[in-house]
Amino acid sequence: MRVKCVICDKIESIEDESFEAKRLRNRPIHTYLCNDCSSRISEKTKARIDTGNFRFYRTQSEKDEW
């Protein structure tokens, strides 16, 4: 299966039977990132978290008393 990275527009091929190919076929909202872009994003995110100015805005789940 041929896929295109959404950031750098590099075209790569992945195996048709792989989990990632199945995910891309069945759910079009999922996008493909090449290994270079994925590692670059993860490194920059880790660097931002280490600065201490990065906050996760997650909703707090309310505990149900049932």
- request: Could you walk me through whether Arg25 and Met1 pass side-chain contact (heavy atoms from CB on, under 4.5 Å), step by step?
  value: CA-CA 10 Å; Arg25 275 193 308 269; Met1 176 178 197; 3.9 Å; yes

- line: One should read off an interatomic distance between Lys10 NZ and Cys37 SG, to the nearest 0.5 angstrom, of 7.0 Å

- prompt: Which distance, rounded to the nearest 0.5 Å, do you find between the OH of Tyr32 and the CD of Glu20?
  reply: 5.5 Å

- prompt: By the rule that ILVMFWY residues connect when side-chain heavy atoms come within less than 4.5 angstrom, directly or transitively, which residues belong alongside Val6?
  reply: Ile7, Leu33, Ile41

task: Supply the members, apart from Ile29, of the Ile/Leu/Val/Met/Phe/Trp/Tyr cluster built from side-chain contacts under 4.5 Å; use none for a lone residue.
output: none

task: Begin from the C-alpha positions of Glu12 and Cys34 and carry the test side-chain contact (heavy atoms from CB on, under 4.5 Å) through to its verdict.
output: CA-CA 8 Å; Glu12 295 181 350; Cys34 64; 3.6 Å; yes

statement: Rounded to the nearest 0.5 Å, the NZ atom of Lys46 sits from the OG1 atom of Thr51 at a distance of 15.0 Å

query: Do Arg48 and Asn53 pass the side-chain contact (heavy atoms from CB on, under 4.5 Å) test, and can you show the C-alpha distance, the side-chain angles, and the key distance before you say yes or no?
result: CA-CA 7 Å; Arg48 286 176 56 209; Asn53 296 330; over 6 Å; no

field: Taking every non-hydrogen atom, the tightest pair across His30 and Leu24
entry: O-CD2, 3.5 Å

task: Mind running salt bridge (charged side-chain N to carboxylate O under 4.0 Å, His left out) on Lys22 and Asp16 for me, showing each step along the way?
output: CA-CA 8 Å; Lys22 182 179 179 183; Asp16 289 332; over 6 Å; no

